[in-house]
Amino acid sequence: MKFAYRFQNLLGTVHREGGLLFSPDGNCLISTVGNRITIFDLKKNKSNTLPVESRYNYVALDINANGSALLAINEEGEAHIISLISFSIVHRHRFNGICRNVKFSPDGKHVAVCKGNNVLVFKAPGLVTGTHNAFEMERVFHGAYDETTCLNWSSDSKILAVGSKDMATKLYSFERFKNFRMYSLGSHTDEIVGCFFEQESYDLITISRNGQTCVWECTVKPGELEVLKDQAPAKKKKTSDDNEEDDVDITKSVEKTQEEVEESLKESPECKAEDNKLLYMRLARHYLADEVRKEHQEAVLTAAAYHPKARILVTGFSCGVFFIYETPDMNLIHSLSISEQKISSIALNQTGEWVALGCSGIGQLLVWEWQSETHVMKQQSHMLNITCLSYSSDGHIVATGGGDGKVKLWKVSSGFCFVTFSEHSSAVTALAFCASKNFIVSSSLDGTVRAFDITRYRNFKTFTSPRLVQFSCVSVDSSGEFVAAGGQDVFEIYLWSVKTGRLLEILSGHEGPVSSVVFSPGLTSTTMASVSWDKTLRTWDAIEKGSSHEVIELLAEGVFVTFNPNGVEVAVATLDGRISVFEIRTATQVASIEGRNDLGSGRSDNDLITAKKTLEAKCFSTLCYSADGAYILAAGQSKNVCIYSVKENLLVRKFEITQNRSLDAVDDYINRRKLTEFGNMALIEERELREGGNVAIKLPGVRSGEMSKRTLKPEVRVLSLQFSPTGQQWAAATTEGLLIYALNSGIVFDPWDLQADITPMGINNALKDQDYLNALIMAVKMNEANHIRQVIETIPVCDVELIVSSLGLQFIKRLLYIFASALDASKHVQFYLKWLKHIMTIHGSSLVQQGNKPALVAVLQSVERRNEQLSKMCDYNQYMTDYVRYSQKTVVKTLDEDHDEMNGKSDLDSEDEDAFMDNSVLD
């Protein structure tokens with residue numbers, strides 16, 4: 001139970017190459033993030049990554065009409081039907097080739113897939129078709145001469161339009177009709193990007209890559225297609241008279257006049273069918289790229305989407321500009337530039353009010369409401385790898401630093417980035433949250449250490465050194481008064497004051513690059529530890545003793561150092577793959593873990609040596625203690641994350657963070673399909689056309705991938721790790737993004753001090769007898785959350801204080817986690833808050849210990865989340881009440897004014913009537 005961590009969410013990556021979809025209700029946006037799929041709830045402002053992982057990156061996806069199933073296809077042609085109810089893969093199918101597009105039919109009975117120059121039509125599984133066979137093929141269309149790129153169904157699901165790279169759009173009918181056969185539409189001079197049917201019509205709009213847009217009108221309406229019945233041709237009966245062929249019918253041999261011939265042709269069935277035959281006529285041709293190419297001459301159209309009900313066409317270009325047109329006249333409604341990278345995907349919601357745009361080059365995802373010109377959602381990933389991460393003291397926020405020089409803050413509960421700091425001009429190397437104050441410190445290769453206020457979202461301090469130094473690590477003491485950073489080109493540690501921003505001390509002593517520095521977590525301690533490539537671990541007390549320090553010799557170069565939460569021990573990762581634990585006060589080694597074989601190593605496509613030989617050069621590059629200090633989380637240049645027991649020096653659990661073969665060095669062996677008689681295909685030199693031309697050789701030391709190559713395949717690695725202060729989850733900064741793993745309490749039965757008489761029946765009997773204390777103790781020992789909540793909610797409010805005072809501290813600690821989870825889901829908020837109030841009043845002094853801190857932080861998180869939800873609800877109710885009260889006053893005031901006007905008008909009418917009568921009398 002303690003190590004039953006499961007993948008929970010993916011942060012730091014919002015969109016990669018692939019498609020975008022809106023759910024049928026239009027409230028959720030579905031995006032591909034590598035080999036995973038993320039659903040963004042735009043109403044609740046929350047993101048959730050499905051616990052489904054593919055072996056390769058997803059490139060195409062579509063959702064069925066009722067929103068219960070999702071069809072996703074990866075770059076190797078493996079298709080997954082994912083249930084959006086159970087969030088699991090229910091069917092798999094291999095296409096053995098690249099599939100560029102997939103579409104469900106509007107009636108939900110069919111699904112079409114573009115593979116090569118063919119279109120495959122399958123029967124969709126579900127209640128609509130009455131079949132549960134996943135991929136039952138119905139039709140295959142071979143009309144295209146080049147790769148098919150896009151497709152679209154008509155509103156009645158009878159005609160399928162397919163665009164391809166041969167610059168033509170083919171129309172296929174799923175059934176056989178008398179007045180329709182395969183139809184081809186040309187008029188384009190580049191590959192087709194999109195083809196869209198109108199609502200309740202066969203009229204069509206086709207768009208090509210160079211911006212040409214053609215509007216086509218169909219001669220047949222949806223109800224006029226005549227189904228062709230399969231009938232065998234009638235055989236002619238042979239006459240008995242053999243000489244009948246020589247006989248001549250004089251009546252038929254007479255030559256008909258021209259008028260009689262025309263009348264007979266009109267009455268023939270062939271002519272009648274010709275009049276009702278499906279034909280297309282081009283109404284207009286528009287050149288949408290002309291406006292863009294005034295500023296960007298080489299811009300091409302990369303994505304398009306169409307809303308048939310609203311008749312709105314959205315086009316995206318390679319320069320990051322999108323346009324919204326009203327069809328069929330192509331009147332420009334709106335335009336906006338969102339980036340300098342190409343727009344790879346576009347989607348429209350059900351009403352056509354929201355436009356979702358994805359830029360895979362920079363990992364940007366934008367949902368734009370074009371009528372009010374406001375952002376519904378705007379998220380962007382790090383352009384380069386996430387290099388470091390840090391949790392806030394309450395576990396609500398995760399900060400990430402990237403190779404692009406940006407620092408981003410993410411909310412763990414929602415998965416959204418809410419602020420980005422871009423003051424650094426080079427890669428961010430380390431981050432550190434202040435435990436007592438609301439600021440975060442970052443170090444960078446640009447020679448600065450910056451402090452950011454996470455309340456006002458500003459860079460309030462910038463720390464610099466007398467000479468330019470590339471800082472590789474940073475740390476903040478527990479009081480938030482001092483900041484220390486180590487250099488990788490200058491072998492010194494710099495100490496600053498946060499209040500004044502002055503450089504207090506330059507700590508010299510290391511003879512190699514300082515790879516890691518960390519302050520002790522103790523509230524009264526100012527001890528600092530640092531490791532370097534000079535094979536030493538040094539402990540400093542710079543606040544009191546200045547540059548004096550103690551030196552502990554290591555067996556290999558130091559890579560990373562971290563403090564135990566108790567502040568007594570430090571763990572050091574060295575270049576030989578070991579983790580050594582030292583006690584600071586006595587400078588003695590208390591544990592040693594040999595973890596190189598546990599780390600594992602994959603073989604890259606370009607490696608000349610085996611994975612076993614590569615493993616000898618691997619080591620742990622990041623470490624983190626658990627919240628209670630009993631376990632160490634370690635990872636490095638591989639796909640594995642290991643949890644070790646410090647006391648036993650044993651491997652407890654190993655996690656494999658990815659199965660994505662689109663990344664390099666995931667497998668231990670090279671696929672034999674890539675091996676030829678000449679050797680590994682990846683090692684064959686790529687020369688220019690001329691003989692003896694330049695050779696594309698990978699630069700030595702390149703880790704992120706050679707950017708000049710046509711195909712970029714980054715290497716899988718874990719760059720940073722950290723446990724949440726609550727101990728309920730941990731985060732890993734990897735090549736794919738920020739992975740969050742959390743405890744799942746419902747998958748393992750983990751009782752505590754279980755006895756024979758502790759059963760669900762015994763708990764129910766104790767509740768019937770009103771023996772609430774005994775029932776609660778038995779439920780806690782069984783360690784089942786449902787039974788514990790049932791007992792707690794049965795206890796009367798008047799007995800809560802007495803029961804809390806009778807419970808021991810070991811029971812209180814376990815109950816705190818139950819209260820933390822119950823506050824998020826239960827409606828009895830005040831009832832649980834009364835429990836917490838009595839617990840803090842009676843046992844508060846005993847709970848303030850390091851071992852109980854994770855439980856207290858978990859309760860604090862739940863209370864803050866509940867407070868935020870209730871405060872929003874109360875504010876909304878207050879504003880609505882004020883609005884109704886003000887509206888009522890306005891209505892009453894208007895009625896009074898109307899009543900006064902009516903009274904005044906009646907008085908004037910009576911005066912006029914009296915005057916008229918007087919005048920008439922005088923006359």
Side-chain angles (χ1 to χ4, degrees), residues 393 432 434-436 473-486 492-493 495 504-505 507-512 514-574 578-595 620 622-634 644-650 722-723 725 848-854:
S393 57
C434 177
S436 58
C473 52
V474 71
S475 182
V476 185
D477 72 326
S478 57
S479 64
E481 299 291 334
F482 304 101
V483 173
E492 296 172 341
I493 299 174
L495 186 68
L504 301 178
E505 194 77 31
L507 308 178
S508 302
H510 281 296
E511 298 175 359
V514 182
S515 54
S516 182
V517 61
V518 61
F519 275 102
S520 172
L523 296 176
T524 59
S525 175
T526 57
T527 305
M528 183 177 63
S530 63
V531 292
S532 172
W533 289 11
D534 59 3
K535 300 183 180 181
T536 61
L537 164 66
R538 300 174 189 262
T539 57
W540 317 74
D541 196 352
I543 310 302
E544 298 180 359
K545 299 181 181 179
S547 297
S548 60
H549 58 276
E550 295 183 7
V551 181
I552 301 175
E553 295 291 336
L554 303 175
L555 298 177
E557 290 81 356
V559 178
F560 197 86
V561 62
T562 182
F563 258 99
N564 192 309
N566 58 18
V568 178
E569 299 174 350
V570 293
V572 180
T574 53
R578 294 183 180 180
I579 301 175
S580 305
V581 182
F582 297 91
E583 189 175 346
I584 291 297
R585 294 179 182 177
T586 60
T588 57
Q589 183 173 347
V590 295
S592 179
I593 301 172
E594 177 62 44
F620 292 111
T622 176
L623 301 175
C624 180
Y625 270 97
S626 61
D628 56 1
Y631 301 92
I632 291 179
L633 201 63
Y644 292 97
S645 171
V646 179
K647 185 178 180 180
E648 304 293 338
N649 299 339
L650 294 175
Q722 191 170 1
F723 255 105
V848 184
Q849 296 177 3
Q850 187 64 37
N852 301 322
K853 183 180 177 181

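Since this is a predicted model, take the numbers as computed values, not measurements.
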Contact summary for [X] and [Y], nearest pair of heavy atoms:
X      : Y      : answer
Phe519 : Asp477 : CD1-N, 3.5 Å
Leu623 : Phe560 : O-CE2, 3.3 Å
Ala432 : Ser475 : CB-CA, 4.1 Å
Tyr625 : Val646 : CE2-CG2, 3.9 Å
Ile579 : Ile632 : CG2-CD1, 4.2 Å
Val514 : Ser532 : N-OG, 4.1 Å

> Just by distance, with hydrogens left out, do Ser515 and Trp533 show a side-chain donor and acceptor under 3.5 Å apart?
Replying inline: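 No - no donor-acceptor pair under 3.5 Å links their side chains.
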> Can you say whether the rings of Phe620 and Tyr644 are parallel (under 30°), tilted (30 to 60°) or perpendicular (over 60°)?
Replying inline: perpendicular
> Could you go step by step and tell me if Val483 and Leu495 meet the side-chain contact (heavy atoms from CB on, under 4.5 Å) rule?
Replying inline: CA-CA 6 Å; Val483 173; Leu495 186 68; over 6 Å; no
> Do Val518 and Met528 have side-chain heavy atoms sitting under 4.5 Å apart?
Replying inline: no
> Within a strict 4.5 Å, meaning less than it, do heavy atoms of the Phe563 and Ile584 side chains meet?
Replying inline: yes
>> Run the side-chain contact (heavy atoms from CB on, under 4.5 Å) test on Thr574 and Glu557 for me, step by step, so that the C-alpha distance in whole Å, both residues' side-chain angles and the decisive distance to 0.1 Å come before the verdict.
In response: CA-CA 5 Å; Thr574 53; Glu557 290 81 356; over 6 Å; no
>> Determine whether His549 and Thr539 satisfy the following criterion, side-chain hydrogen bond (donor to acceptor under 3.5 Å, both in side chains), listing intermediate values before the conclusion.
In response: CA-CA 6 Å; His549 58 276; Thr539 57; over 6 Å; no
[X] side-chain N/O to [Y] backbone N/O, donor-acceptor pair under 3.5 Å:
X      : Y      : result
Asp534 : Glu511 : yes
Ser525 : Thr527 : yes
Arg538 : Gly509 : yes
Asn564 : Gly629 : yes

>> Evaluate Leu555 against Lys535 for side-chain contact (heavy atoms from CB on, under 4.5 Å), listing each step before the verdict.
In response: CA-CA 7 Å; Leu555 298 177; Lys535 300 183 180 181; over 6 Å; no
>> For Asp541, give me all partners under side chain to side chain donor-acceptor pair (under 3.5 Å), at least two apart in sequence or on another chain.
In response: Thr526
> Val572 and side-chain contact (heavy atoms from CB on, under 4.5 Å): which partner among Val531, Ile552, Thr562?
Replying inline: Val531
Look up atom [atom1] in [X] and atom [atom2] in [Y], then write down how far apart they are to the nearest 0.5 Å.
X      : Y      : atom1 : atom2 : answer
Ser580 : Gln589 : OG    : CD    : 4.5 Å
Asn649 : Ser592 : CG    : OG    : 7.0 Å
Glu648 : Tyr631 : CD    : OH    : 8.5 Å
Ser520 : Glu569 : OG    : CD    : 12.0 Å

>> Run the side-chain contact (heavy atoms from CB on, under 4.5 Å) test on Phe582 and Leu537 for me, step by step, so that the C-alpha distance in whole Å, both residues' side-chain angles and the decisive distance to 0.1 Å come before the verdict.
In response: CA-CA 10 Å; Phe582 297 91; Leu537 164 66; 3.8 Å; yes
> In chain order, what residues pass the salt bridge (charged side-chain N to carboxylate O under 4.0 Å, His left out) check against Glu594, with sequence neighbours excluded?
Replying inline: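 Arg578.
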